[in-house]
Amino acid sequence: MAFLQMRDRITTHVEQRTTMLAGVSHDLRTVLTRFKLELAMLEDTPEVRSLSADVNEMQHMLEDYLAFAKGDGGEEAKPTNLRDLLEEIYEESQIYGSAIELKMRKRDEGLVLPLKRQALKRAITNLVTNAARFGDNIIIRAATEGQWVRIEVDDDGPGIPPSERENVFRAFYRLDHARNQDDGNSGLGLAIARDIAKSHGGEIALGESSMGGLRDIISLPL
Ligand SMILES: Nc1ncnc2c1ncn2[C@@H]1O[C@H](COP(=O)(O)OP(=O)(O)OP(=O)(O)O)[C@@H](O)[C@H]1O
Ligand SMILES: [Mg+2]
């Protein structure tokens, strides 16, 4: 009885915190949007430009908090062509400036499976933005394997040592080589990606890429 009561208290507690986080992020985002409009009306000076950069950084962090609080936002899984989705991510990732390749076997190109398209796009984009931050070369691969489809993102950056590969999935957890960078990253990208993989009945794991950097592996059931 006491245990069940404790379980309920914890559930309520977590729900309240999540709701508050979402509320705060949402309200701040509204104000930030106003900041951006106001800044756009000012003269283009180095100070204004630097302030704009800070506002953009803050917006990026808030979007992360919101996405984390929302999970997959209750999106429904719909039949989706995986190749189309990956191509969209590939196209949009050109702006990061790393060389990026998309590889998929001919026989998997017509693969359609039930996906929460927006959520999965966010998850893979989180992996690709990490890869682009740490590496100069990125390869996105997708292949079916028995009852699973594996989506891999490889880079040629410093990678993550095996002892840290579970820790980095924790919310707000960042490694040393990134800790002192004031770069607007909040340490939520992988936590969000794992949530989304799990909400598809799948998983996400980390390993070493053939280029010496990190390999992120998302496995989804077919
Ligand atoms: N491809 C990678 N190569 C090397 N280290 C990585 C890579 N991807 C993630 N990491 C390490 O794992 C940490 C957690 O990654 P995660 O994506 O969760 O957070 P973040 O990128 O710091 O912030 P956010 O994604 O919220 O903007 C990063 O801070 C970084 O130290
Ligand atoms: Mg990230």
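One-based numbering, in listed order, for ligands and for the atoms of each. None of the values given here were measured: they were computed from a predicted structure.
- For the atom pair CD1 (Ile124) and CD (Glu152), the distance works out to 12.0 Å, reported to the nearest 0.5 Å.
- The number of heavy-atom neighbours closer than 6.0 Å to CD of Gln94, taken from other residues, nucleotides and ligands shown, is above 12.
- Listed by atom number, the atoms of ligand 1 under 4.0 Å from Gly189 heavy atoms are 16 (P), 17 (O), 18 (O), 19 (O), 24 (P), 25 (O), 26 (O).
- Of the options Ile160, Asn130, Asp156, Asp155, the smallest heavy-atom separation from atom 1 (N) of ligand 1 is shown by Asp155.
- The shortest heavy-atom distance from Ser186 to ligand 1 is under 4.0 Å.
- For the residue pair Glu101 and Tyr90, no side-chain donor N or O sits within less than 3.5 Å of a side-chain acceptor on the partner.
- Taking 4.0 Å as the cut-off, Arg133 counts as a neighbour of ligand 1 on heavy-atom distance.
- Residue contacts with ligand 1 include Gly159, since one or more of its heavy atoms lies under 4.0 Å from the ligand.
- In summary, Asn130 places an N/O/S atom under 2.8 Å from the Mg ion (ligand 2), meeting the contact criterion.
- For CE of Met41, the number of neighbouring non-hydrogen atoms (other residues, nucleotides, ligands) closer than 6.0 Å is 12 at most.
- Nearest-residue assignment for atom 12 (O) of ligand 1 (options Leu127, Val168, Val128; heavy-atom criterion): Val168.
- In plain terms, the two heavy atoms of Ile196 and Ala119 that are nearest each other are CD1-O, 3.2 Å.
- Between Arg29 and Glu63, some side-chain heavy-atom pair lies under the 4.5 Å cut-off.
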